Undergrad: 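Before I ask anything, here is the structure I am working with.
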Amino acid sequence: MTSRAAHSILVLFVISLGLHSCTKDEGEEKPPNIVFIFADDLGYGDIGSFGATDIKTPNIDKIANEGIKFTSFYSASPICSPSRAGLLTGRLPIRMGIHDVFFPESFTGMPTEEVTIAEILKSKNYKTGIVGKWHLGHQYEFLPLQQGFDSYFGIPYSNDMASVVYMRDNDVEEFKVDQHFITKRYTEEALKFIDKNKDKPFFLYLAHNMPHVPIYASESFVGTSERGLYGDVVQELDWSVGKVLTKLNELDLLENTLVIFSSDNGPWLAMKELGGSAGILREGKQFTFEGGMRVPTVAMWKGKIPKGIVDNDMASQMDWFPTFANLVGYEIPDSIVLDGRNISQVLLNTGKRENSTYLFFDGENNLQAFRSGEWKVKKPYKGNSETPWKKGVAPHDTLLIDLSTDPGEENNLYLDDAQTTKELFHQMEDQYKKLGNLPPPLVIKTPADNSHIDYLRKKEKEDK
Ligand code: MG
């Protein structure tokens with residue numbers, strides 16, 4: 001048996017455990033559709049409901065007004081690939097060895113034995129589709145169709161990487177992508193998916209490439225915001241959110257659809273005016289300050305999530321896996337070790353998240369900080385110089401921050417309260433140890449594997 005076949009059987013077995021131990025009364029209520037809209041590198045300060053005054057986002061704000069706004073929602077990592085792996089599996093990226101982002105030269109991807117949200121929903125008869133950025137490996141076995149999705153349209157990695165292509169399912173469909181139309185194109189594909197699957201429960205993962213640099217807006221959005229091209233791009237994303245909501249409304253699906261909007265990590269501040277803003281938060285992408293990890297997150301589900309809830313407690317992208325499992329009656333087998341927590345009760349406003357601690361890993365999976373309740377401690381940092389890809393950040397001492405009064409992490413209380421700092425570091429180490437044996441980092445990129453790029457470049461030449 002090939003190892004791919006063995007993995008598939010293992011994954012099927014784990015999923016079927018969930019199928020047979022279903023706890024909800026099926027047939028009584030139609031399970032909810034789930035639409036998860038993901039922006040790339042969108043900052044905490046880039047949408048109206050989180051304080052932006054120079055970018056208008058009425059549709060995203062509508063989700064917040066009609067549902068819940070999470071003010072302290074963490075991504076699993078301050079960079080793209082590990083963040084997405086955490087979202088789809090409910091597990092810390094370090095458990096999968098994902099210590100960096102994947103490249104077109106990568107021959108690795110998110111390990112296929114990981115169980116994804118798409119796989120558990122598919123086991124409950126959901127139609128599962130992804131439109132947009134995947135970024136968890138582009139070799140055959142790592143592509144979305146082999147990770148629980150029924151359909152795929154989008155760019156397999158980041159939009160700034162060599163030879164950007166549009167893939168359809170497992171094949172390249174277009175070798176040249178005009179990114180001016182990328183948000184429109186993804187929106188069309190998303191609406192088509194909803195139309196096609198309106199009679200079945202469905203899960204749509206709409207992972208936009210925007211506003212990750214290089215940024216593009218279509219002509220009708222250029223010049224519409226008060227924050228240059230970046231603002232225009234975000235306003236087009238907001239338009240896209242509006243199109244999805246309108247489609248769900250037209251099909252009379254809003255009452256049975258959980259719609260979530262979020263971002264994969266903080267703004268790419270090294271890109272200056274082409275990157276976003278973390279608003280009141282410190283730093284951005286690539287750093288474990290709040291600006292890198294805290295992402296603007298809103299969710300609505302008409303008739304189920306009460307209107308206008310603001311949740312200030314901590315929650316995370318890894319919570320969606322157990323939350324969706326709970327909502328669709330999938331019992332998670334013990335063999336899946338999760339880091340996320342079920343937050344259905346937070347969505348429905350009937351309870352609190354059961355745990356308020358969080359381990360912060362940087363983009364290379366170095367443990368850097370820890371949160372417990374409103375306290376955050378951060379290890380001392382030696383600083384880094386500015387590069388075209390990474391903002392320069394000054395060195396700092398050990399930090400102790402009270403996030404309830406200081407979300408911008410400006411007042412270091414470490415010297416005032418060394419005892420609390422010590423206790424928190426102790427808790428942090430304890431939780432880290434509990435992660436147990438961790439796999440070695442995956443080899444992310446090697447110059448030895450240029451086959452993919454060579455193939456694409458050859459194809460590009462032939463097209464000319
Ligand atoms: Mg990103």
Side-chain angles (χ1 to χ4, degrees), residues 7-8 11-19 22 24 26 30-38 84-91 109-138 140-156 167-171 173 186-208 244 247-248 251 253 256-262 264 299 301 317-332 336 340:
H7 279 153
S8 305
V11 169
L12 278 175
F13 174 70
V14 170
I15 292 166
S16 67
L17 286 174
L19 255 184
C22 162
K24 283 233 169 122
E26 274 176 327
K30 210 176 159 224
N33 306 308
I34 299 169
V35 175
F36 193 95
I37 307 174
F38 220 21
R84 284 150 207 270
L87 161 70
L88 289 176
T89 63
R91 287 154 54 75
M110 183 170 71
T112 50
E113 60 267 33
E114 292 293 330
V115 176
T116 68
I117 286 174
E119 280 165 334
I120 66 170
L121 293 174
K122 199 171 153 78
S123 80
K124 303 301 274 182
N125 297 316
Y126 274 65
K127 280 286 167 192
T128 54
I130 160 171
V131 174
K133 172 170 167 172
W134 174 243
H135 214 182
L136 291 170
H138 66 273
Y140 178 86
E141 64 262 48
F142 304 115
L143 285 170
L145 263 60
Q146 285 65 252
Q147 297 277 26
F149 287 95
D150 293 315
S151 63
Y152 176 45
F153 178 82
I155 292 180
M167 293 194 76
R168 169 105 39 207
D169 297 336
N170 284 319
D171 297 308
E173 184 175 275
Y186 285 169
T187 307
E188 279 162 24
E189 292 286 335
L191 300 184
K192 260 191 254 168
F193 175 86
I194 295 172
D195 261 328
K196 192 175 162 203
N197 297 294
K198 60 182 189 294
D199 299 324
K200 310 164 188 121
F202 61 80
F203 168 53
L204 170 62
Y205 174 37
L206 173 52
H208 286 285
V244 170
K247 173 59 76 182
L248 293 170
L251 297 173
L253 291 175
N256 200 42
T257 305
L258 169 59
V259 184
I260 298 161
F261 178 90
S262 190
D264 69 333
W301 182 2
Q317 223 68 274
M318 291 177 286
D319 294 345
W320 295 120
F321 184 107
T323 302
F324 296 166
N326 177 268
L327 293 175
V328 306
Y330 174 89
E331 193 165 300
I332 299 161
I336 303 179

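The first residue in the sequence is number 1, and the count goes up from there. Note that the structure is a prediction, hence the values are computed from the model and not measured.
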Undergrad: Just verifying a value: how many Å separate L253 CG and K198 NZ, rounded to the nearest 0.5 Å?
TA: 9.0 Å
Undergrad: Would a distance-only check, ignoring hydrogens and angles, find a side-chain to backbone donor-acceptor pair under 3.5 Å from D319 to G340?
TA: no
Undergrad: In Å, rounded to the nearest 0.5 Å, how long is the span from OG1 of T112 to CD of E119?
TA: 9.0 Å
Undergrad: Testing the basics here: between K124 and G329, what is the closest heavy-atom pair and its distance to 0.1 Å?
TA: NZ-O, 3.3 Å
Undergrad: In Å and rounded to the nearest 0.5 Å, what is the CG to CD distance from N326 to E331?
TA: 10.5 Å
Undergrad: To the nearest 0.5 Å, what is the distance between CD1 (I194) and CG (L204)?
TA: 5.5 Å
Undergrad: Can a donor-acceptor pair be found, under 3.5 Å and without considering hydrogens, that links the side chain of D169 to the backbone of Y152?
TA: yes
Undergrad: Would a 4.5 Å heavy-atom cut-off, applied to side chains only, mark L327 and W301 as touching?
TA: yes
Undergrad: Using a 4.5 Å cut-off on heavy atoms from C-beta on, say whether the side chain of Q317 contacts that of D264.
TA: no
Undergrad: Does E189 pair with K192 as a salt bridge, N-O distance under 4.0 Å?
TA: yes
Undergrad: Report the distance from atom CE of M110 to atom CG of L88, rounding to the nearest 0.5 Å.
TA: 5.5 Å
Undergrad: What's the spacing between T128 OG1 and I120 CD1 if we round to 0.5 Å?
TA: 11.5 Å
Undergrad: Of all residues at least two apart in sequence or in a different chain, which pass the salt bridge (charged side-chain N to carboxylate O under 4.0 Å, His left out) check with K196?
TA: none
